[in-house]
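What you see is a predicted model; the values in this text were computed from it and never measured. Per chain, numbering begins at 1; letters A, B, ... match sequence-line order.
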Amino acid sequence: MSFTLATWNINSVRLRENIVAKLMQEEAPDVLCLQECKSPVDKIPLEQFQALGYTHMVARGQKGYNGVAILSKLPMQEVSAYDYASLGHARHIAGQLENGVTIHNFYVPAGGDVPDREVNEKFGQKLDYLTDMRDAFHADKPQKSILVGDLNIAPREDDVWSHKKLLKVVSHTPIEVEHFGQVMDSGDWSDVTRNDIPEGQLYSWWSYRARDWDAADKGRRLDHIWATPDITNAGHSSRILRDARGWEKPSDHAPVFATFDL
DNA sequence: ATGGTCGCATCGCGA
């Protein structure tokens, strides 16, 4: 079988119900992973999504902040939802398809403004969250698994508009990139997006604060799709739907896609 | 060097 998966930080699923539906109608991924739903699970507007064929959902939510959901046209069962770093935040949910593939959906903490855990508690929480992820995947090696989400780190020089200017900016600092690499190594994860698109600038997020995000193009690749070695070769057709950043009342993130033939 | 824009638990905070 073949299925297409997308990951999208939606920045309020209730406010953006209509562009989620637009994505479902126009792109029709089989599995859609959302982050920053900013909604309790029982207030996610499921009916419209179900009417479009997304009859399965696994999710964790809280009022106002965070929140992750996997909407699926394919039958899916919840397998876990961990509170890494014990923050009490809804930042992870995992579901399993009938073909045995597990999908982990993450919203890693953004980490605040100052990249120093001594003066900024949120930066320490981000690093601790990544360390907990690393330890969990090290202790329990994932198999037949896909990991997606807003990981809030752009690891490569060509994942940001200016490597030099962003070296001290949270999301691209060397210590974050090192933690990111340790999470990847712990699960033998490979970067499906970069396997498919190995060269060139690639972004999935553009700040709301830019005067003209499209012309300025000061983006970062914060949203990722990874796979374990047993299925990574099945991944193909990766793309980022940049157009969605220009939709009506957009999220500041664009959806990232990959297809798996399994 | 600064400020810029969003969303919501809305006049403060997180992103």
- Note on the structure: Taking for A:D150 and for A:P40 the nucleotide of DNA chain B with the nearest heavy atom, the one nearer the 5' end belongs to A:P40
- Rounding to a whole Å, what distance do you find between A:K63:NZ and B:dG14:C1'? 17 Å
- Message: Here's a test for you: under ring pair (Phe, Tyr, Trp, His ring centres under 6.0 Å), which of A:Y129, A:W226, A:F106, A:W189 qualifies with A:F180?
- Response: A:W226
- Whole-angstrom distance between B:dG4 and B:dA15, as gauged at atom C1': 14 Å
- Message: Exactly one of A:L130, A:I153, A:D132 should register a side-chain contact (heavy atoms from CB on, under 4.5 Å) with A:V183. Which one does?
- Response: A:L130
- Message: What is the distance, to the nearest angstrom, from the CG atom on A:N152 to the P atom on B:dG14?
- Response: 15 Å
- Report the distance from atom NZ of A:K122 to atom C1' of B:dG12, rounded to the nearest whole Å. 12 Å
- Using the six-membered ring wherever Trp is involved, compare the ring planes of A:H172 and A:H163 and label them parallel, tilted or perpendicular (cut-offs 30° and 60°). perpendicular
- Do the side chains of A:F3 and A:V148 join up, straight or via other hydrophobic residues, at under 4.5 Å, putting them in one cluster? yes
- Is it possible for you to say whether A:W206 and A:L222 belong to one hydrophobic cluster, with membership spreading through side-chain heavy-atom contacts below 4.5 Å? no
- Rounded to whole Å, the CD-P distance (A:Q62 to B:dC8) equals 14 Å
- For A:H253 and for A:C37, find the nucleotide of DNA chain B with the closest heavy atom, then tell me which residue's nucleotide is more 5'. A:C37
- Query: Just by protein heavy atoms under 4.0 Å, how would nucleotides 1-7 of chain B read 5' to 3' in B, S and -?
  - Reply: ---BBSS
Which pairs of donor and acceptor atoms, one on a side chain in residues 137-147 of chain A, lie under 3.5 Å apart (sequence neighbours left out)?
from, atom 1, to, atom 2, distance (Å)
A:K141, NZ, A:S186, O, 2.9
A:K144, NZ, A:N99, O, 2.7
A:S145, OG, A:Q143, O, 2.7

- Anything under 30° is parallel, anything over 60° is perpendicular, the rest tilted; go ahead and classify A:Y84 against A:Y82. perpendicular
- When rounded to whole Å, the OH to P distance for the pair A:Y129 and B:dA15 reads 13 Å
- Message: Between P on B:dA15 and CD on A:Q35, what's the gap in Å once rounded to a whole number?
- Response: 14 Å
- In whole angstrom, give me the gap between the P atoms of B:dG7 and B:dG3. 22 Å
- Item | Distance, C1' atom - from B:dC6 to B:dC11, rounded to whole angstrom | 15 Å
